2 protein chains.
Amino acid sequence: MATNGADYSIAVLNRTLDVLDLLTEAETPLGATEIARRIGTTKSAVFRILANLDRRGYVSKEAATSRYTLGVRLVVVGQRALRSLDLRHRARPVLEELHARFGETVNLAVLNQGTVVYIDMVESAHSLRTAAAVGALDPVHSTALGKAMLAFLPAAERNAQLTLPLVARTPRTLTAVLALHQELDRVRAAGIAEDNGENELGARCFGVPVFDHLGRPRAAISLSGPESRLDDGRAAEIKTALITAAGRLTAEIAGARPPAVPTGVKEEAACG
Amino acid sequence: MATNGADYSIAVLNRTLDVLDLLTEAETPLGATEIARRIGTTKSAVFRILANLDRRGYVSKEAATSRYTLGVRLVVVGQRALRSLDLRHRARPVLEELHARFGETVNLAVLNQGTVVYIDMVESAHSLRTAAAVGALDPVHSTALGKAMLAFLPAAERNAQLTLPLVARTPRTLTAVLALHQELDRVRAAGIAEDNGENELGARCFGVPVFDHLGRPRAAISLSGPESRLDDGRAAEIKTALITAAGRLTAEIAGARPPAVPTGVKEEAACG
DNA sequence: ATTTACGATTCACTCGTTGAAACGTTCCGC
DNA sequence: GCGGAACGTTTCAACGAGTGAATCGTAAAT
């Protein structure tokens, strides 16, 4: 499809975001030349962009080495972004309730740029536990959270969210697109996604999508823990509880909606 | 002085950061037209900027109303920015130690764009306590943290960090530039800044700067609480402990340095 | 001491951002 | 229910602005 091509794209702006994204991934401060090389531009362009970002506090230049890091202003903006996610506020009590009932780690995540972004969580008190962090990222295809949202996305968008090739996080990760799509069919039928050591060996996770008022998956909640504690005996109860919880959340953020398993999410524009 | 004028300024980029800064301040989602009006540009420019930011997840467009909020990607970048502040890691034990000893709220902050940015804190366990949040902002002129850093900044930069007019947070806030400079002279002489209800009535706070290897104030730590508990009796002990703690931190981040009260920070380039 | 590589700076070119104007839609008041 | 206002969206020609190749000075590497 696409009348597109280059939309409303602004070159400088995209390069700027490339710089920020690169600095976000980077483990260590980066120099202008290296940044230019990695994002495929010239030194001078990057240099000027960095000068602008620095002046505004969005990046920080190490005085000694002239290398750059993410700036303090991004902490301010990021915290503000986090607090303004009202989804997070509404989900809190639901997460806490699930945590109280099962004693395992409970997560809230959204889909962003083809990755799962953790927005909130309540960690298990067990010493052996799964743990994520706010703002942390995980692949869509190897997590219950990702698969839960993916499954209920219109087919076109679904593919757009996949980063090919599907990297194997563990030997169990589904790396074949076809296999993943079949898995997503199962998820859609069951209303719940499952991850058995596909993202991290020994960890099991159940994820359920939360929908907005248009019936589009806007987030997902999950419960995760070591396989040893999440045996099939407990699984059934947990799954039911998750589906109920997600339904309640959907009902709340969507206004008034069928809270149960949404069965009818058809491909593309289901306006019937 | 300035050969400047417009430096390496990039128009689109500055406008983009204006948009982000505006969305950061905003309490509610904003439309393109309103943003344009507030930052003084045309609708179409803002619209295109927003389209670009949206595509990258830096802002989020409410599907229903076409109004914009800070995006999830900023949560990711912001959390990363926070974690990459190694100052924060190093300061943690110092903050915890001060908190353990006095049982009051202890803060770590840096100067950014003329405001105090809280980077980390350990909150008092008392029910009546001062409380800030990571990423929160406060004025430089009304806080002990701000005054502590301001006092040791070269005169030129000091003025650059002041947002005039100095707004009165309380009746006690110093709003006269001259009075503030006199206060900063006292802070410089004492090596510690004090805030007696200047930022919030009933709250008292002591702040000490932390220096980098060039002797420039890079951060400040503070201890704050209700005036009722921070009486002059305890103040002396607290002040000494703060100065010692900040000295230790300075020594650590600056490499090896005179950890005690830095007395000789002269105006401009003190390379003697 | 020599070399290399980096950050910083310059400048003419031209490509891409600009802003005014117009379109379609939604929302409000009458 | 109807007019109007205000919004988000789209278009387009013009010129201002960002580009990148080349250069300088400096700091690290051999």
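Every chain is numbered from 1, with letters handed out A, B, ... down the list of sequences. In this text, all values refer to a predicted model and were calculated from it rather than measured experimentally.
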**Student:** On DNA chain C, does the nearest nucleotide to B:V12 precede the nearest nucleotide to A:A32 from the 5' side, or the other way round? Give the residue.
**Tutor:** A:A32
**Student:** So which atom in A:V117 and which in A:G135 form the shortest heavy-atom distance, rounded to 0.1 Å?
**Tutor:**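 In terms of heavy atoms, the two residues are closest at CG1-CA, 4.4 Å.
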**Student:** Does B:R88 reach the main-chain N or O of B:D120 with its side chain, forming a donor-acceptor pair under 3.5 Å?
**Tutor:**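 It does not hold such a pair.
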**Student:** How would nucleotides 19-26 of chain C be written as a contact map, 5' to 3', with B for base contact, S for sugar-phosphate-only contact and - for no contact, using protein heavy atoms under 4.0 Å?
**Tutor:** BB-B----
**Student:** How would you list, by chain and number, every residue that makes a ring-ring contact (aromatic ring centres under 6.0 Å, His included) with A:F47, sequence neighbours excluded?
**Tutor:** B:Y8
**Student:** Side-chain N or O of B:T33 less than 4.0 angstrom from OP1 or OP2 on D:dA6?
**Tutor:**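 Looking at the OP1 and OP2 atoms of D:dA6, neither is under 4.0 Å from any side-chain N or O of B:T33.
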**Student:** Any side-chain heavy-atom pair from B:Y58 and A:D21 closer than 4.5 angstrom?
**Tutor:** yes
**Student:** Would you mind reporting whether A:M121 and A:L95 have side-chain heavy atoms less than 4.5 Å apart?
**Tutor:**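 No; the side chains remain at least 4.5 Å from each other.
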**Student:** Name every residue in residues 59-69 of chain A that has at least one heavy atom under 4.0 Å from any atom of DNA chain C, in order of residue number, or write none if there are no such residues.
**Tutor:**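 Those residues whose heavy atoms fall under 4.0 Å from DNA chain C, taken from residues 59-69 of chain A in numerical order, are A:K61, A:S66, A:Y68.
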**Student:** Which atom names give the shortest non-hydrogen contact between A:L74 and B:A81, and what distance separates them?
**Tutor:** CB-CB, 4.1 Å
**Student:** For DNA chain D, find the residues of residues 19-30 of chain A with a heavy-atom distance under 4.0 Å and give them by number; none if there aren't any.
**Tutor:** none
**Student:** Compare every heavy atom of B:A151 with every heavy atom of B:R188, then report the nearest pair and how far apart it is.
**Tutor:** NE-O, 2.6 Å
**Student:** Send over the distance from A:E34 CD to C:dA8 P, rounded to a whole Å.
**Tutor:**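 After rounding, the gap between these two atoms is 15 Å.
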**Student:** Figure out the CG/C1' separation between B:L13 and C:dG16, and round it to whole Å.
**Tutor:** 15 Å
**Student:** Using whole Å, report how far CD1 of A:I35 lies from P of C:dA5.
**Tutor:**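 A:I35 atom CD1 is separated from C:dA5 atom P by 19 Å.
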**Student:** Would you check if A:N14 and B:R55 make a side-chain contact, meaning some heavy-atom pair closer than 4.5 Å?
**Tutor:**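 The answer is yes, as the side chains (C-beta and beyond) meet within the 4.5 Å cut-off.
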**Student:** Quick one, B:L17 and A:L53 - any side-chain contact, counting heavy atoms below 4.5 Å?
**Tutor:**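 Yes, side chains in contact.
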**Student:** Are side-chain heavy atoms of B:I10 and A:T16 found at a separation under 4.5 Å?
**Tutor:** no
**Student:** Rounded to the Å, how far apart are B:F47 CZ and D:dG8 P?
**Tutor:**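 Distance, rounded to whole Å: 9 Å.
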**Student:** Compare every heavy atom of B:T24 with every heavy atom of A:R73, then report the nearest pair and how far apart it is.
**Tutor:** NH2-CG2, 4.3 Å
**Student:** Go through the structure and list residues passing salt bridge (charged side-chain N to carboxylate O under 4.0 Å, His left out) with A:D18, not counting sequence neighbours.
**Tutor:** B:R56
**Student:** Using whole Å, report how far CG of B:L53 lies from P of C:dT17.
**Tutor:** 13 Å
**Student:** For the helix from C:dA1-D:dT30 to C:dC27-D:dG4, measure the angle between the helix axis at one end and the axis at the other, each built from five pairs, rounding to 10°.
**Tutor:**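 Both end axes considered, the difference amounts to 50°.
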**Student:** Just how far, in rounded Å, is P of C:dG7 from CG of A:L50?
**Tutor:** 9 Å
**Student:** Whole Å only: how far is the CD1 atom of B:I49 from the C1' atom of D:dT10?
**Tutor:** 17 Å
**Student:** What is the distance, rounded to the nearest whole Å, between atom CZ of A:R37 and atom P of C:dA5?
**Tutor:**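 So the two atoms are 10 Å apart, to the nearest Å.
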**Student:** Taking all non-hydrogen atoms of both residues, which atom of B:A220 and which atom of B:M149 are closest, and how far apart?
**Tutor:**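 Here B:A220 and B:M149 meet closest at CB-CG, 3.7 Å.
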**Student:** Given the rule in the side chain to side chain contact (heavy atoms under 4.5 Å, CB included) test, do A:L162 and A:L180 qualify, once you have shown the distances and angles that lead to the verdict?
**Tutor:** CA-CA 10 Å; A:L162 289 179; A:L180 180 61; 3.7 Å; yes
